[in-house]
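Chain letters run A, B, ... following the sequence lines, proteins first, then strands; residues in each count from 1. What's counted below: heavy atoms across the whole structure, side chains too, no hydrogens, waters or symmetry copies.
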2 protein chains.
Amino acid sequence: MSDVAGRDPEAVSRFVERFAAQLVEAGLARMPARVFAALLASDSGALTSAELSRQLQVSPAGVSGAVRYLSQVHMLSREREPGSRRERYRVHSDQWYQALTNREAIIKRWEDALREGVASLGAETPAGHRLAETLAFFEFIEKDVAEMMERWQVRRAELFGDER
Amino acid sequence: MSDVAGRDPEAVSRFVERFAAQLVEAGLARMPARVFAALLASDSGALTSAELSRQLQVSPAGVSGAVRYLSQVHMLSREREPGSRRERYRVHSDQWYQALTNREAIIKRWEDALREGVASLGAETPAGHRLAETLAFFEFIEKDVAEMMERWQVRRAELFGDER
DNA sequence: CCTTAACTTCACAAATTTCTGAAAGAAGCG
DNA sequence: CGCTTCTTTCAGAAATTTGTGAAGTTAAGG
């Protein structure tokens with residue numbers, strides 16, 4: 001036990017469900033959204049499968065699936081507690097900001113599809129032009145987002161001190 | 001007729017389905033994704049309900065639903081052809097770049113949920129700190145994305161000339 | 001006004017997704 | 001090694017989402 005003591009479980013749950021609902025609206029599946037929100041709202045920033053299962057009223061199987069997905073998209077990392085078969089799932093702020101903006105893999109595939117479209121519809125056609133411009137937009141975004149994240153690191157240090 | 005003549009419908013369809021698949025993966029519903037992709041790939045940048053229905057092999061009802069959604073999230077605009085009950089649906093590049101980045105409404109609601117979380121979990125708790133930092137991140141993003149779009153306008157003019 | 005073309009709404013069938021319980025699979029510990 | 005604890009996998013039930021046909025609405029054009 002670690003996290004729950006001394007906190008109002010009602011308040012936690014209210015936040016978790018509300019924030020998860022927003023994530024769902026943005027396209028994340030429900031269970032991963034709830035798991036992620038629960039981690040964000042935990043004091044330690046890490047919870048075990050059992051804790052998640054109890055807090056969210058969900059079967060261990062459900063947690064397992066959600067966690068698998070979230071770690072695939074780098075929104076959490078798994079850690080093994082030394083000398084125990086319990087696993088903890090943790091959010092690293094850095095990591096998840098990256099994941100959020102770092103749609104890099106996705107953007108890359110969009111770009112591929114667009115390049116192919118330009119080629120097959122003809123670069124000189126009106127549609128080809130539109131696709132080419134969209135492609136240029138993505139290429140621009142890709143670069144600029146990376147720079148934005150660097151600016152954020154600076155800003156964060158300003159706001160919260162350099163408590164890396 | 002306008003768009004299809006002289007183009008390889010196969011090639012168009014291939015692009016539409018591939019690009020739509022990427023949009024789906026990013027969280028858009030299937031039908032809106034296909035409609036949107038078809039518009040992007042059209043020479044005129046605008047299609048009627050009937051054209052979409054035929055090209056995508058989908059009932060008018062399906063098109064109607066997709067179009068309603070897309071116009072709600074500002075990814076297309078509707079225009080009435082003067083003196084006809086036909087309606088055309090159009091992508092404006094500007095508009096859709098905005099829509100893509102302008103998750104503004106979404107971000108705002110995230111921020112609301114986070115602010116509430118900070119308040120109810122306590123700004124001095126570890127969880128409260130984490131939420132506060134996440135909130136700061138979103139506030140930063142929100143501002144910086146707006147600036148990024150301005151930079152894109154400049155870049156676009158460079159690349160394509162000022163063919164507003 | 002009446003007809004007809006174009007789009008929308010709605011109830012429902014079909015397909016898909018989500019979550020569970022049960023069983024199997026790892027890994028610490030004696 | 002075997003026991004125990006924790007996690008994962010998997011088949012299927014339940015819930016949700018998606019797209020359709022049919023009926024309804026709106027507005028142009030006679």
Within the structure shown, what part of the strands sits under 4.0 Å from B:S64 by heavy-atom distance: base, sugar-phosphate, or nothing? base
Reckon B:Y89 touches a base, only the sugar-phosphate, or nothing at all at heavy-atom distances under 4.0 Å? sugar-phosphate
Ordered by number, residues from residues 14-27 of chain A within less than 4.0 Å of DNA chain C (heavy atoms) are none
Less than 4.5 Å apart, side chain to side chain, heavy atoms only: is that true for B:L135 and B:W110? no
Take the protein atom [atom1] of [X] and the nucleotide atom [atom2] of [N], then report the distance between them rounded to whole Å.
{"X": "B:L28", "N": "D:dT17", "atom1": "CG", "atom2": "P", "value": "15 Å"}
{"X": "B:L47", "N": "C:dA6", "atom1": "CG", "atom2": "C1'", "value": "16 Å"}
{"X": "B:R68", "N": "D:dT18", "atom1": "CZ", "atom2": "C1'", "value": "13 Å"}
{"X": "A:R86", "N": "D:dT4", "atom1": "CZ", "atom2": "C1'", "value": "14 Å"}
{"X": "A:E79", "N": "D:dC6", "atom1": "CD", "atom2": "P", "value": "17 Å"}
{"X": "A:R54", "N": "D:dT7", "atom1": "CZ", "atom2": "C1'", "value": "17 Å"}

Rounded to the nearest 0.5 Å, what separation is found between the OG atom of B:S93 and the NE2 atom of A:H129? 12.0 Å
About how many Å separate CD of A:E87 and CD of A:E79, when rounded to the nearest 0.5 Å? 9.0 Å
Would you call the rings of B:Y97 and A:F137 parallel, tilted or perpendicular if under 30° counts as parallel and over 60° as perpendicular? parallel
Do any side-chain nitrogens or oxygens of A:R78 fall under 4.0 Å of OP1 or OP2 in D:dT8? yes
How would you list, by chain and number, every residue that makes a side-chain contact (heavy atoms from CB on, under 4.5 Å) with A:A33, sequence neighbours excluded? A:A20, A:L23, A:V24, A:L28
Starting at the 5' end of nucleotides 17-30 of chain C, put B wherever the base has a protein heavy atom under 4.0 Å, S where only the sugar-phosphate does, and a dash everywhere else. -SSBB-----BSS-
Partners meeting ring-ring contact (aromatic ring centres under 6.0 Å, His included) with B:Y69 (sequence neighbours left out): none
Return the set of residues passing side chain to side chain donor-acceptor pair (under 3.5 Å) with B:Q22 (not counting sequence neighbours), or none when no residue passes. A:R109
Only counting residues at least two apart or in another chain, list the ones meeting side chain to side chain donor-acceptor pair (under 3.5 Å) with B:R30. none
Just wondering, more than 12 heavy atoms not from A:E158 lying within 6.0 Å of its CD? yes
